[in-house]
Peer 1: 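I'd like to ask you about the structure that follows.
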Amino acid sequence: MFIAFRREVEAAVEAALDDLGYPTGDLGIEEPPADVLAVLASSVAYRLAGEAGAPPPQVAGELADAVDVTDAKYVAEARSQGPYVNFRPSDAYFADTLVEAQADDWGHLADTGESVVVEHTSANPTGPVHVGRARNPILGDALARVLEYAGNDVTREYYVNDAGRQMAVFTWAYETFDEADLPEPEREKPDYDLVRYYRKGNEFLEEGPDEEVEAAEAEIAAIIEGLDEGDEATYERVEEVVDTVLGGMQDTLGRLPAEFDEFVKETRFLRDDSTHEVVDRLKESEHAYEEEGAWQLDLDDWDIEQSFVFLRSDDTTLYTTRDLAHHEWKFDEFDRAVTVLGEDQELHANKLNAALDILGNDTDRLEELFYAWVNLPGGESMSTREGTGVDMDDLLDEAVSRAEDAVRSRLGDRVRDDDLTDEDVERIAEQVGIGAVRYDVVAKQPTKAITFDWDDALDFEGQSAPFVQYAHARACGILGEAAGDVEPRLDADVLTDDAERALLASIARFPLVVEAAAEDLEPHQVATYTREFADDFNAFYRECPVLADDVDEDVQAARLALVDAARQTLANALDALGIDAPESM
RNA sequence: GGGCACGUAGCUCAGUUCGGACAGAGCGUUCGGCUUCUAACCGAAAUGUCGGGGGUUCGAAUCCCCUCGUGCCCGCCA
């Protein structure tokens with residue numbers, strides 16, 4: 001709706017500028033402040049003042065007069081206000097918004113016809129998911145959802161690093177150490193079980209007797225070599241560890257929820273020989289050279305100082321080499337590829353891009369979304385190997401437990417009479433607790449560093465998921481109360497209060513927000529929208545009673561339709577973020 | 001040392017792409033509101049050298065240069 005409105009405004013302004021003999025390159029279309037009664041405005045008069053030899057307000061007046069919106073469906077009027085030309089919505093704008101927002105798929109944009117692979121998380125399967133890693137799946141899953149809302153065919157991919165040194169160390173440690181020498185696992189889950197071997201192994205390599213460490217290193221090197229050569233027996237040894245740990249991690253990620261369509265293993269690109277084909281092609285490149293037995297690329301032309309080593313002096317490949325084959329696979333299978341990466345990966349990503357360019361790929365099809373690290377208070381970083389950090393399972397358990405306390409403490413003074421069972425309470429606690437954690441992460445700009453704080457992550461008031469979810473529950477409450485007594489009617493003409501109009505205008509913006517968030521790869525724009533929207537709904541809730549006895553029947557029916565449209569908008573906006581919308585709280 | 005990010009109210013953050021209407025929220029503080037569709041809510045008040053300095057512009061939180069502070073990266077690791 002908003003998008004159609006914008007199209008009409010753009011066409012009208014462009015035509016008017018053309019008529020008046022002004023350039024049409026800059027239309028100056030922007031969203032006005034909240035207290036201005038317009039959906040869009042143009043500030044172009046500022047720029048034309050010099051050429052026109054008249055002050056901006058005068059140019060704005062001239063432009064407003066020249067704008068012809070008689071054929072427009074959604075733009076009712078162009079009116080100058082100071083240096084701005086404001087575009088006001090027609091009755092049809094509100095009427096169609098009310099109708100369209102009733103649909104289950106409200107906020108979904110037209111199909112782009114494009115397939116997009118969103119690779120996220122891709123954490124090495126070395127142990128339980130900790131909070132430091134959690135930004136990636138939450139951000140990645142929300143991004144995938146937003147891109148789906150924007151009309152793309154999205155595949156969620158977890159790239160499994162099963163061929164590197166870390167997995168070789170893990171496999172060696174798992175086969176070498178005796179469970180009796182390990183501490184009790186922190187949780188009865190396979191990832192918590194096996195990470196003990198990994199930690200023990202790393203400790204041994206750092207502090208063990210030189211001779212024994214040397215022998216261990218030889219065994220680790222043999223595993224790496226076996227993988228690189230595609231040796232089936234080695235692959236099976238490593239796979240046992242990888243799949244077991246990954247299974248445990250998947251359970252945790254699923255709670256967020258972050259689920260994947262594909263788990264693509266790194267060893268796949270060794271077994272099908274594509275990595276070695278990449279090596280051969282790179283050796284032919286004018287940027288390739290051999291130094292001290294290692295093959296590398298000179299990336300000066302891409303303003304990257306450091307060379308890109310793609311073949312070790314012992315002729316084995318590196319993670320980055322295999323990642324090249326991986327990305328060529330993506331280019332074959334999908335139209336676009338987006339990767340969610342920690343900011344520590346930026347140099348690697350730039351080098352990868354340059355190498356893909358050398359291999360003749362169109363790297364415009366590949367984009368990255370970088371996020372800053374989550375640190376512990378005191379500046380300590382979270383590490384699986386060292387066992388520092390807060391486990392994601394612990395955070396989610398605590399969040400759900402606090403949410404359950406909150407739900408139960410409110411049961412006594414509930415006005416709404418919907419008899420929540422224990423099962424309901426548990427479900428709501430799950431939705432609210434996990435939603436709060438997820439919202440806390442997804443609402444912030446990814447480039448800003450986060451210091452983890454229990455109270456901040458578990459704050460259920462103010463700008464949080466529960467605040468937005470509560471607005472949704474309120475809407476459901478009204479709809480439930482009205483069921484059978486009042487039939488909603490799609491009649492926006494009787495919705496004339498400021499709060500009603502503001503809510504409709506806010507509903508109409510939803511598709512635009514999806515469009516912008518997808519375009520910029522910024523799910524947090526949707527999060528910002530949800531809390532502004534909840535504000536608008538709460539204002540309506542306060543100002544406009546729906547079911548009160550003294551409300552006119554027509555108004556009651558129309559307000560009920562408006563409540564349903566708001567409910568649909570809240571539910572879908574939360575869904576685009578991967579947050580559940582409880583019907584009662 | 002070089003590269004990339006970040007710095008907005010006491011705290012947590014929107015707004016910065018693409019310069020434009022008085023710089024906005026929440027928490028906290030002070031005051032007020034539940035016999036009225038759910039108070040995880042709402043209303044009112046107070047709170048700012050938009051890190052600092054310079055520049056461009058009719059106009060800068062937003063663009064450019066310098067500077068300070070913080071984080072990340074600079075492996076034949078992943």
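Reminder, nothing fancy here: chain letters follow the sequence lines and each chain counts from 1.
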Peer 1: So A:Asp520, base contact, sugar-phosphate only, or nothing? Heavy-atom distance under 4.0 Å.
Peer 2: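 Base contact - A:Asp520 has a heavy atom under 4.0 Å of at least one base atom.
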
Peer 1: Is there a side-chain contact between A:Arg410 and the phosphate of B:A40, meaning an N or O under 4.0 Å from OP1 or OP2?
Peer 2: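 Checking B:A40 against A:Arg410, a side-chain N or O does come within under 4.0 Å of OP1 or OP2.
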
Peer 1: What class does the angle between the rings of A:Phe510 and A:Tyr529 fall in, given that below 30° is parallel, 30 to 60° is tilted and above 60° is perpendicular?
Peer 2: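 A:Phe510 and A:Tyr529: parallel rings.
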
Peer 1: Is A:Glu522 touching bases, backbone alone, or none of the nucleic acid, heavy atoms closer than 4.0 Å?
Peer 2: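 The answer is nothing, as A:Glu522 stays clear of every strand by at least 4.0 Å.
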
Peer 1: Give a yes/no answer on whether the side chain of A:Tyr470 brings an N or O atom under 4.0 Å of OP1 or OP2 in B:A40.
Peer 2: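 It does, given that an N or O in the side chain of A:Tyr470 lies less than 4.0 Å from OP1 or OP2 of B:A40.
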
Peer 1: At under 4.0 Å between heavy atoms, what does A:Val546 touch on the DNA or RNA strands: base, sugar-phosphate, or nothing?
Peer 2: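 Answer is base: heavy atoms of A:Val546 come under 4.0 Å of a base.
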
Peer 1: Decide, yes or no, whether a salt bridge links A:Arg567 with A:Asp564 under the criterion of side-chain N to carboxylate O below 4.0 Å.
Peer 2: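 Yes.
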
Peer 1: Closer than 4.0 angstrom, basic N to acidic O: yes or no for A:Glu398 and A:Arg402?
Peer 2: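 So A:Glu398 pairs with A:Arg402 through a salt bridge.
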
Peer 1: What interatomic distance, in whole Å, is found between C1' of B:C22 and the corresponding atom of B:U67?
Peer 2: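 So the two C1' atoms sit 31 Å from each other.
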
Peer 1: Classify the side chain of A:Arg47 and the base of B:G19 as holding, or not holding, a donor-acceptor pair under 3.5 Å.
Peer 2: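 Answer no: no donor N or O sits under 3.5 Å from an acceptor.
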
Peer 1: Any idea how A:Tyr84 and A:Tyr46 line up, ring-wise: parallel (<30°), tilted (30 to 60°), or perpendicular (>60°)?
Peer 2: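 Plane angle over 60°, so perpendicular.
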
Peer 1: Heavy-atom contacts under 4.0 Å between residues 425-434 of chain A and RNA chain B, which residues?
Peer 2: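 Contacts with RNA chain B under 4.0 Å: A:Val432.
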
Peer 1: Sort me out a list of protein N/O and nucleotides 5-12 of chain B N/O pairs below 3.5 Å, or just none if empty.
Peer 2:
{"from": "B:A5", "atom 1": "O2'", "to": "A:Thr447", "atom 2": "O", "distance (Å)": "3.4"}
{"from": "B:G7", "atom 1": "OP1", "to": "A:Lys448", "atom 2": "NZ", "distance (Å)": "2.7"}

Peer 1: Strictly below 4.0 Å, N to O, side chains only: are A:Asp536 and A:Arg509 in salt-bridge contact?
Peer 2: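 Salt bridge between A:Asp536 and A:Arg509, a charged N being under 4.0 Å from a carboxylate O: no.
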
Peer 1: Say you pick atom C1' in B:U47 and the same atom in B:G26; how far apart are they, in whole Å?
Peer 2: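 To the nearest whole Å, 14 Å.
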
Peer 1: Output yes when at least one side-chain N/O atom of A:Tyr529 is less than 4.0 Å from OP1 or OP2 of B:A14, else no.
Peer 2: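 So the side chain of A:Tyr529 is outside the cut-off, no N or O lying under 4.0 Å from OP1 or OP2 of B:A14.
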
Peer 1: What distance, rounded to whole Å, do you find between the two P atoms, one in B:U70 and one in B:C65?
Peer 2: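 It works out to 22 Å between them.
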
Peer 1: Scan A:Ala34 against the nucleic acid and name what it touches under 4.0 Å (heavy atoms): base, sugar-phosphate only, or nothing.
Peer 2: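 The answer is nothing, as A:Ala34 stays clear of every strand by at least 4.0 Å.
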
Peer 1: By nearest nucleotide on RNA chain B, pick out whichever of A:Gly293 and A:Pro446 is the more 5' one.
Peer 2: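 Whichever sits nearer the 5' end wins; that is A:Pro446.
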
Peer 1: Is there, by distance only and without an angle test, a donor paired with an acceptor across the side chain of A:Asn86 and the base of B:A21 below 3.5 Å?
Peer 2: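 Looking at the base of B:A21, it does pair with a donor or acceptor on the side chain of A:Asn86 (distance under 3.5 Å).
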
Peer 1: With centres under 5.5 Å and planes under 30° as the test, does A:Phe467 stack with B:A40?
Peer 2: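 One would not call A:Phe467 stacked on the B:A40 base.
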
Peer 1: Would you mind classifying the nucleic acid contact of A:Thr528 as base, sugar-phosphate or nothing, using non-hydrogen atoms under 4.0 angstrom?
Peer 2: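 Counting heavy atoms under 4.0 Å across all strands, the contact made by A:Thr528 is with sugar-phosphate only.
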
Peer 1: For B:G7, give the paired nucleotide (Watson-Crick: N1-N3 plus N6-O4 or O6-N4; G-U: N1-O2 and O6-N3; both under 3.5 Å), or none.
Peer 2: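 Matched B:G7 with B:C68 under the 3.5 Å cut-off.
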
Peer 1: Please report the distance separating the P of B:G43 from the corresponding atom of B:G28, rounded so that it comes out in whole Å.
Peer 2: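 Roughly 15 Å separates the two P atoms.
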
Peer 1: Pick base, sugar-phosphate or nothing for A:Glu292, based on heavy-atom distances below 4.0 Å to the nucleic acid.
Peer 2: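 If one applies the 4.0 Å heavy-atom cut-off, A:Glu292 turns out to touch a base.
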
Peer 1: Does a sphere of radius 6.0 Å around CG in A:Asp498 hold more than 12 heavy atoms from other residues, nucleotides or ligands, not counting ones at 6.0 Å or beyond?
Peer 2: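 Not more than 12 within 6.0 Å, no.
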
Peer 1: Could you tell me whether the phosphate oxygens of B:G15, OP1 or OP2, come under 4.0 Å of any side-chain nitrogen or oxygen in A:His524?
Peer 2: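 For B:G15, OP1/OP2 do have a side-chain N/O of A:His524 under 4.0 Å.
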
Peer 1: Report yes if at least one side-chain N or O of A:Arg542 is closer than 4.0 Å to OP1 or OP2 of B:C41; otherwise report no.
Peer 2: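 No, no such contact exists.
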
Peer 1: Determine the Euclidean distance between corresponding C1' atoms of B:G7 and B:U49; express it in Å to zero decimal places.
Peer 2: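 The same atom, C1', in both gives a distance of 14 Å.
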
Peer 1: Categorize A:Gln469 for me: base, sugar-phosphate, or nothing, with a 4.0 angstrom heavy-atom threshold over every strand shown.
Peer 2: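 Touches nothing.
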
Peer 1: How far does the P atom of B:U57 sit from the matching atom of B:C11, given to the nearest Å?
Peer 2: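 Here B:U57 and B:C11 have their P atoms 36 Å from each other.
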
Peer 1: So does A:Asn161 get a side-chain nitrogen or oxygen closer than 4.0 Å to the phosphate oxygens (OP1/OP2) of B:A78?
Peer 2: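 Result: no.
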
Peer 1: Can a side chain N or O of A:Arg402 be found less than 4.0 Å away from OP1 or OP2 on B:A40?
Peer 2: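 So the side-chain polar atoms of A:Arg402 never come under 4.0 Å of the phosphate oxygens OP1 or OP2 of B:A40.
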
Peer 1: On a whole-Å scale, what distance lies between the P atoms belonging to B:U8 and B:A61?
Peer 2: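 So the two P atoms sit 15 Å from each other.
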
Peer 1: Regarding A:Phe370, tell me which of base, sugar-phosphate or nothing describes its non-hydrogen contacts under 4.0 Å with the strands shown.
Peer 2: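 Counting heavy atoms under 4.0 Å across all strands, no contact is made by A:Phe370.
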
Peer 1: Under the criterion of centre distance below 5.5 Å and interplanar angle below 30°, is A:Trp373 classified as stacked on the base of B:G71?
Peer 2: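 It does not: the two rings, one from A:Trp373 and one from B:G71, miss the stacking criterion.
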
Peer 1: Out of A:His327, A:His326, A:His276, which one pairs with A:Phe269 under the ring-ring contact (aromatic ring centres under 6.0 Å, His included) rule?
Peer 2: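 The residue from A:His327, A:His326, A:His276 that satisfies ring-ring contact (aromatic ring centres under 6.0 Å, His included) with A:Phe269 turns out to be A:His326.
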
Peer 1: Between A:Ala443 and A:Gly164, name the one whose nearest nucleotide on RNA chain B is closer to the 5' end.
Peer 2: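 Here A:Ala443 is the residue nearer the 5' end.
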
